[in-house]
Amino acid sequence: MRKIFTLLFSIAGCAMFAQQTPVYLNSNAPVEDRVEDALQRLTLEEKIAMIHAQSKFSSPGVPRLGIPENWMSDGPHGIRAEVLWDEWYGANWTNDSCIAFPALTALAATWNPSLAELYGKSIGEEARYRNKNVLLGPGVNIYRTPLNGRNFEYMGEDPFLASIMVVPYIRGVQSNNVAACVKHFALNNQEKYRDNINVIVSERALHEIYLPAFKAAVQQGKAWAIMGSYNCYKQQHCSHNQYLLNDILKQKWNFDGVVISDWGATHDTKEAINNGLDMEFGTWIDDVTWEKTNEYDEYFLARPYLRLIKNGETNEDLLNDKVRRVLRLIFRTNMASNKIYGSFGSPEHAAAGRKIAEEGIVLLKNNNNLLPIDIEKTKKILVVGENAVKSMVIGGGSSSLKAKYEISPLKGITLRAGNKAEVKFVRGYESPATKEQDVKDAKEPQQKEIDVEALRNEAIAAAQDADIVLFIGGLNKNDGQDCEGNDRTNLNLPYEQDALITNLAKVNPNTVVIIISGNAVAMPWVNQINTIVEAWYNGTEAGNALASVLFGDVNPSGKLPFTFPVQLQDNGAHAAGDYPGDGKNETYNEDIFVGYRWLDKENIRPLFAFGHGLSYTTFQYGDATADKTKLTADEQLTVSVPVKNIGTREGAEVVQLYINDKKSSLPRPIKELKGFQKIYLKAGEEQIVTFTIDRNALNYYDDSKGEWIVETGEFEVWIGSSSADIKTKVGFELQ
Ligand code: BGC
């Protein structure tokens with residue numbers, strides 16, 4: 001009897017409680033119900049508060065209702081160290097040292113979507129542990145010019161590759177109840193003049209080249225946030241841009257997440273209200289200086305917006321749409337059901353970073369099989385070059401990280417060589433000292449005289465009796481190199497590295513050049529050097545990953561996500577475009593001919609082609625066959641190609657599929673990447689690689705019609721190991 005009473009009592013209690021629990025607090029209720037329930041409880045002032053920052057990286061929740069704040073973090077390579085509430089400077093916490101993951105160029109170079117998922121999952125776990133519900137990344141702006149200071153944060157020059165890689169990254173991040181904020185939407189392809197430059201580009205290039213990765217991020221990746229960029233398009237800042245945000249993103253693509261302004265990219269209240277911006281961050285309040293503090297109430301979407309509503313100059317409809325999106329973000333992240341707790345700085349994350357780095361490193365040239373290093377025969381290893389010891393997780397702008405640890409290339413090589421070989425280091429060249437990052441009142445560093453000759457001579461002398469010389473140079477994250485805020489001024493290696501490399505090659509033919517960069521560099525010495533490696537910015541485990549590849553523990557399988565041109569003039573933005581513009585406008589005259597599409601059209605040989613990357617083994621391609629010779633636009637085509645590992649060790653190859661349209665009404669690129677697969681083969685093993693393509697691989701954007709079209713006629717599928725190394729072709733007719 002007592003039991004029955006207790007049962008009845010608790011059922012009644014539950015019912016009472018259930019009745020009293022507001023829908024927005026019920027994490028099992030559908031998100032849209034929670035959104036509507038919360039919305040109608042908010043005051044006008046609370047709504048306004050939710051759509052702009054309250055500190056450098058956070059926006060308020062609704063304390064009265066228990067709705068938590070939003071906390072954002074850069075992004076995209078690791079979770080940024082805590083900064084002060086209202087300053088850009090580090091807060092000097094001691095519990096915020098993250099795992100630094102490889103730069104996104106390195107991830108793209110793996111051509112391995114499952115590693116993109118691992119990347120996203122791992123960085124999402126780090127964000128979640130640090131109580132960040134929005135990760136400011138990934139970046140998918142297309143690599144248009146090798147001078148762009150932020151290319152290292154992006155996924156290369158090809159819209160198809162970037163689209164395939166960005167989707168699993170987002171899924172991985174968001175599986176942790178952390179929103180991925182895809183950036184910088186859109187046309188932010190250079191740092192020079194980034195705050196105001198107005199990009200003039202054809203609708204066709206916009207749709208074929210610059211938007212697809214964002215579209216994939218939204219439609220397939222289901223990204224919960226997107227960041228509007230600094231630059232202008234159609235004479236409107238992209239963070240409040242009618243065409244990009246309202247017409248395309250929200251209407252055409254049905255984006256239901258939040259549009260977040262880049263930090264300081266909001267410039268006008270009415271445009272911000274009307275043109276699609278949902279959350280305002282980082283505004284430099286008088287639009288001139290970023291030093292003013294605690295001015296959040298004066299943000300464009302703060303009091304000025306409230307005043308307009310109170311004066312009756314605008315109603316609450318658009319505000320409600322913005323708040324709905326912010327609430328949706330909160331219910332998807334901080335107030336989600338079955339919330340995840342994350343993990344931080346773990347050995348698993350470091351291992352994930354290492355794996356990505358190992359698969360991303362690209363062996364560009366290996367003529368005399370100098371690599372892998374035979375540790376039994378190599379007794380004296382000389383490492384030359386500042387990048388062997390310089391931290392590469394620090395610097396570069398907003399992606400700078402405070403890493404738990406960072407294995408430098410020199411350390412990685414020394415550890416791997418163990419007591420089997422002597423490893424010596426000479427600097428060889430030096431970059432100027434830089435100011436300490438994120439430190440308030442950091443002093444200008446004392447510049448010492450750099451004796452270029454002496455450094456070079458010391459390296460040349462040391463190189464003479466080394467069994468192998470590992471030159472580790474390239475760019476770095478200093479201003480004017482691979483760094484936000486400015487572009488590079490030319491394609492060459494800085495700090496007179498070219499002369500050093502040429503001299504090293506003269507005294508020691510066993511010189512390997514390892515470039516650490518996120519951008520292509522000129523290589524005037526390419527014919528004197530037999531072995532060249534592109535090793536990217538690889539984060540915490542950079543040195544170990546590099547050593548694994550150099551010593552052959554890992555067989556390299558990375559492929560370039562962008563072209564290395566011989567000279568700047570071989571790049572469309574420089575040959576035809578008017579990069580960097582006149583400070584007001586910048587016209588993308590090269591149109592759709594970006595990256596390899598330009599070189600193909602002009603018949604220019606690249607230094608190293610898009611998609612290029614060697615292995616320590618050899619892959620042999622057989623003839624491609626198709627299951628049809630004729631098909632209609634609604635049918636699929638299956639193409640098969642046998643690929644065999646004919647070397648003596650296992651390895652991985654990225655088999656690439658390009659489409660060539662024989663004849664079209666509008667000019668088209670000679671070939672475009674429309675498929676790829678990374679396959680792993682043991683020595684002697686063969687695999688039939690199968691691709692299925694449909695109309696999406698054949699269509700193009702017709703500006704005059706404003707739509708994607710497919711034209712009948714002859715096409716060819718080109719299968720290759722890079723964009724410049726096509727191994728086999730098969731034709732078909734589209735009817
Ligand atoms: C960058 C963004 C970054 C933001 C916050 C801006 O300067 O362009 O990519 O997320 O700062 O640090």
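Order of appearance sets the numbers: ligands from 1, and atoms from 1 within every ligand. For the single chain, residues carry numbers from 1 onward in sequence order.
When heavy-atom distances to ligand 1 are checked against 4.0 Å, the residues falling inside are Phe57, Asp74, Arg80, Leu136, Arg150, Lys183, His184, Arg194, Met227, Tyr230, Asp262, Trp263, Ser398, Glu484, ordered by chain and number.
Put simply, the residue from Arg324, Arg328, Lys250 that forms a salt bridge (Lys or Arg N to Asp or Glu O under 4.0 Å) with Asp278 is Lys250.
Aromatic ring orientation, Tyr299 versus Tyr296: tilted (interplanar angle from 30° to 60°).
Asn246 is linked by a side-chain hydrogen bond (donor to acceptor under 3.5 Å, both in side chains) to Gln242, counting only residues two or more places apart in sequence or in another chain.
Within the structure, side-chain hydrogen bond (donor to acceptor under 3.5 Å, both in side chains) contacts touching residues 206-217 (residues at least two apart or in different chains) are Arg204-Glu208. Applying the side-chain hydrogen bond (donor to acceptor under 3.5 Å, both in side chains) rule to pairs touching residues 392-406 yields Asp96-Lys402, Arg150-Ser398, Ser391-Glu406, Ser398-Glu484, Tyr405-Glu541, sequence neighbours excluded.
When side chains are defined from C-beta on, Tyr119 does not count as touching Pro168, because their heavy atoms never get closer than 4.5 Å.
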